[in-house]
Amino acid sequence: MTEDRRPGRYEPELIEAKWQELWARERTWEVSNEPGEPGPGAIPAEKSYVLEMLPYPSGEPHIGHLKNYALGDAIAHFHRRIGQSVLHPMGYDAFGLPAENNAIKTGVAPREATERSIAAYRHWFHRWGISIDWSREIATHEPSYYRWTQWIFLKLFERGLAYRKEAAVKWCPHDQTVLANEQVIDGHCERCGALVEARQLEQWFFRITDYADRLLDDLELIDWPEYVKAMQRNWIGRSEGAEVIFRCEELEIDYPVFTTRPDTLFGATFFVMAPEHPDVFKLAAGTAHEREVHEYVNHAVTESSDLRGDAEKQKTGVALGRTVTNPVTGGQIPMFVADYVLMEYGTGAIMAVPAHDQRDFEFAQAFSLPIRQVVAPVGQQTDGAGSAAATEAFVAHSEDEQLINSGQFSGMNAVEGSRAIVDWLDREGRGHASVSYKLRDWLVSRQRYWGCPIPILYCERCGIVPESEDRLPVELPDIEDYQPKGHAPLAGAQDWVNARCPQCGGRARRETDTMDTFVDSSWYFLRYCDARNDRAAWDRRVLRRWMPVDQYIGGVEHAILHLMYSRFFVKALADMELLDFQEPFQALFTQGMILGPDGYKMSSSRGNVVLPRPIVDRFGADAARTYVLFIGPADQDAAWSDTAIEGVHRFLSRLWRLGDQLAGEPGPAEQPGDPTGVDEALVRKANWAIEKVTGDLAERFAFNTAIAAVMELVNEVHRHPGAGLPARRFATATAASLVFPFAPHLGSEVFELLTGRRVWEEPWPVADPAMLQADTFELVLQVNGKVRDRVSAPTGASRDELERLALAARGVRSHVDDREVTKIVVVPDRLVNIVVR
RNA sequence: GCCCGGGUAGGCAAACUGGCAAAGCCAGCGCCCUUAAAAGGCGCUGCUCGCAAGAGCUCUGCGGGUUCGAGUCCCGCCCCGGGUACCA
């Protein structure tokens, strides 16, 4: 090996193998669950939990993984070196549909394919030199993990937070299976392209809607990007308003509706139900419209959701032949069924106010229904016919508007009118204030094989029975046939399905659906804290040591689902007193995507996929890692460039060569005292870089500018081969120390060459204040805001002094001439601006 | 439609708090080293004048405004990207 090593050449594969081997052998990145080092006067180390979203192991890692883990690793290293005890674990989100589809196609069992992929991912994380505490490694498909996923399911079941109900789900008629929402692309099955249908099926749900308000309110507590919080707020979709009861006198049935505009109640001139509303057929029965209603509803419920949901399309509907009573006017208003009303939101029925709602207006026009204006800008009187005003802005109610044509409420502004009408309804028993959400309960059952079994049995005598905790895990059996046939593949495993009832000991059948993989990943960050605990999912005291995650890092694609589900889990578990915090992820960083060289999202169909493997082979892991962080702001998308990475490689080579040269000449690498001339410039540059990199890492994750600062430092050393040895050694060792979070192998190597020490055991460098500010600075001189000259001035000079210097400067004098100076602005240690007329 | 991002040299970008616009990387051009190539190094790279030193001018999507001073703040618009939408 040594014979092959040509002197003077940076060979990353040798350097990287050396340090990876040492870190693995010494288990350098493992941390204890006990705070602080033993010994007298030990101060408990400040903890930091740095976590990147766990990968779904499929094939081998791609360039997005490299960026994700390079980014988290830089933060983890930085936190360690500022004295924190850092938990930085790794695991695999191993269950999921792709492995199962692959099994159907190739015959390779999901378990086998998944474990092969896990081995590949593990290999590459080592090869990239990511500083992981491998003693905590987990995979969600292992019984030792999913035993506790099942345990959590039972805890939720116990509390009534996991329940079973019939619901409309997405069904693919070709593949004979339900699909997750995310497996439906534009109304079609992502696998076979068939048009997806709606089906009523009994499914398992988690009652996340119970937590809607807390999920919304607690967004205030966490340090997340505003736009991610906004996405969660929109998803929860809290609306305040009222529930108002409209009675169908003929059938003596009350129909509640939800509205955000109770102030417009006098303008409700008709009433509309969703086609899925269970009473639609009952209402139409015996009327002249019965047949028409059946036809309309049958068409509407089979129409694809993207067609039906098109807001641009003409409003359609059918009269039901019945009326309901508007509770405030007492008037009878006609009932309709129309597909623009959704069963999933509110009560599946609406009061229609065509004067103040665009959709109702369109419907009223199509069906020639009366339009009655009941709200108008303050001061504006109308006759109440209102068709002209109806096209005005359909705005939320405000104090600048008042109620008209609204009986006793006329003249009130819209806000107080709204309140007064709700109070009146409440007193009359015809309604009450109410809140509605867009958030739905989380459908967690899947008719799929490769997932965590739901630990529930159906007993002939006892009904739905949870598996007893001491019989967990309910192991996923190996089967031969993964092909879905309209029921879950597990149903074919007869020996497994037939079991004993944990309550009565009688015959029972196991639930054959498995859990959504988002369940597995909603608590993995808890398991890392206590990963080898085989008596419990975790020890609550250990969670107190590490949780919450201090810095979570991942892609935006999980802004809603994963991040919302995890927050729900933590809140539910906190309510059960199983843990002691309300939010799992204190801070979140959403990294941008690496796009293909053509600027488009990487995809095999486009043929623009860049794989990490050839990059690492050619330039080394350090260059690959440093490049993906140097390419641009880490939260922004950036296109891959095959040539730009060469620049990073050149920079690392140059640093290595400096280290190699200087290592041949022994001596310390501390900051030399009282440097002068070029030496001083070098020492100052090194201190400037320390300050710059520290700020960029600690305050704003500006990896790109931090790396640029180290480049500047290296270039500076390189440009001054004549500088004194101590200064050059100090500057080079500083560069190695600062580059370590990005290029850990090279940082370690160069630092060792110069000092014989291990850089990760060194505290993060602190800039010498005396070396940050020079004795003189370049004073910028402006006349009327334009730069006209620059002169050297002593740091800390007084305003008068700076003013004198400015007026004396040649470039200033030629522009001031004999013009009248009206004002002089002095910014100390920076500039002087002379204003002339 | 609504809600977020973003628009700066040939490309990616920097300028964090209103104070020298363009650090760093790439690409391009010229040169050094070399028998040659690779690797490495040096210099130039908004416009005009000038042999040069230098001088002048322009400039952050467009149009206004505030300010001694605006890429940065305010108002109006254009373009690109993402999220979301018959949610009553």
Side-chain angles (χ1 to χ4, degrees), chain A residues 8-10 225-231 233-235 237-239 241 257-261 264 268 272 274 308-313 315 338-342 344-353 356-360 362-363 394 436-439 556-557 559-560 592-593 599 627 630-633 635-651 653-654 657 692 695-696 699-700 702 704-712 714-715 718-719 778-790 811 814 822-827 829-836:
Chain A
R9 195 191 151 103
Y10 170 47
E226 262 319 306
Y227 79 104
V228 176
K229 291 189 187 184
M231 283 166 76
R233 280 192 201 102
N234 291 339
W235 188 262
R238 183 188 153 101
S239 304
V257 301
F258 175 76
T259 177
T260 53
R261 295 290 307 273
T264 65
V272 189
R308 176 174 163 186
D310 182 5
E312 301 301 307
K313 85 170 186 183
K315 291 282 174 292
D339 67 1
Y340 80 92
V341 174
L342 308 175
E344 310 91 78
Y345 186 74
T347 62
I350 61 154
M351 65 178 215
V353 185
H356 303 287
D357 181 282
Q358 181 70 45
R359 298 152 300 174
D360 297 344
E362 287 166 18
F363 191 85
F394 299 99
S436 193
Y437 302 89
K438 287 187 212 173
L439 184 68
V556 214
E557 63 274 17
I560 297 171
M593 246 186 304
Y627 174 63
F630 178 67
I631 192 168
D635 58 351
Q636 233 167 263
D637 293 351
W640 179 267
S641 159
D642 283 325
T643 51
I645 189 176
E646 293 184 28
V648 171
H649 181 250
R650 273 195 279 270
F651 151 64
S653 304
R654 184 176 283 185
R657 283 198 308 274
K692 173 75 179 149
D696 284 352
E699 285 152 35
R700 51 191 203 124
N704 55 333
T705 52
I707 292 164
V710 185
M711 286 175 170
E712 283 193 59
V714 169
N715 290 344
H718 183 80
R719 262 198 295 273
E778 192 180 51
L779 179 68
V780 173
L781 303 174
Q782 300 181 333
V783 177
N784 285 350
K786 288 196 172 176
V787 179
R788 294 304 182 187
D789 208 343
R790 295 153 215 261
S814 66
T822 56
K823 189 173 181 179
I824 298 177
V825 180
V826 180
V827 183
D829 290 344
R830 216 182 275 260
L831 64 74
V832 176
N833 185 17
I834 294 159
V835 187
V836 297

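Values below: all heavy atoms of this structure, side chains included; hydrogens, waters and symmetry mates excluded. Everything numeric here is computed off the predicted structure, so don't read it as measured data. Lettering follows sequence order; numbering is per chain, from 1.
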Taking the same atom, [atom1], in [N] and in [M], what whole-Å distance lies between them?
| N | M | atom1 | value |
| --- | --- | --- | --- |
| B:G19 | B:G81 | P | 32 Å |
| B:U60 | B:A14 | C1' | 12 Å |
| B:C78 | B:G63 | C1' | 10 Å |
| B:C75 | B:G11 | C1' | 33 Å |

Look at all strands and tell whether [X] reaches a base, only sugar-phosphate, or nothing, counting heavy atoms closer than 4.0 Å.
| X | answer |
| --- | --- |
| A:K229 | nothing |
| A:T643 | sugar-phosphate |
| A:V780 | base |
| A:Q782 | base |
| A:I631 | sugar-phosphate |
| A:R359 | base |

TODO: Count the heavy atoms belonging to other residues, nucleotides or ligands that lie under 6.0 Å from CZ of A:R233, then report whether that count exceeds 12.
DONE: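 Above 12, so yes.
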Open item on the list: Judged by each residue's nearest nucleotide on RNA chain B, which is more toward the 5′ side, A:I560 or A:A702?
Closed with: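 The residue mapped nearer the 5' terminus is A:A702.
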TODO: Return the orientation label for the A:Y345 and A:F258 ring planes: parallel under 30°, perpendicular over 60°, tilted otherwise.
DONE: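 Aromatic pair A:Y345/A:F258 classed perpendicular.
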Task: Considering all heavy atoms, the nearest A:Y627-A:S641 contact - done: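 Looking at all heavy atoms of both residues, the closest pair is OH-N, 3.2 Å.
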Close N/O contacts between protein and nucleotides 38-43 of chain B (under 3.5 Å):
from: B:G40; atom 1: O3'; to: A:R657; atom 2: NH2; distance (Å): 3.3
from: B:G41; atom 1: OP1; to: A:R654; atom 2: NE; distance (Å): 2.8
from: B:G41; atom 1: OP1; to: A:R654; atom 2: NH2; distance (Å): 2.3

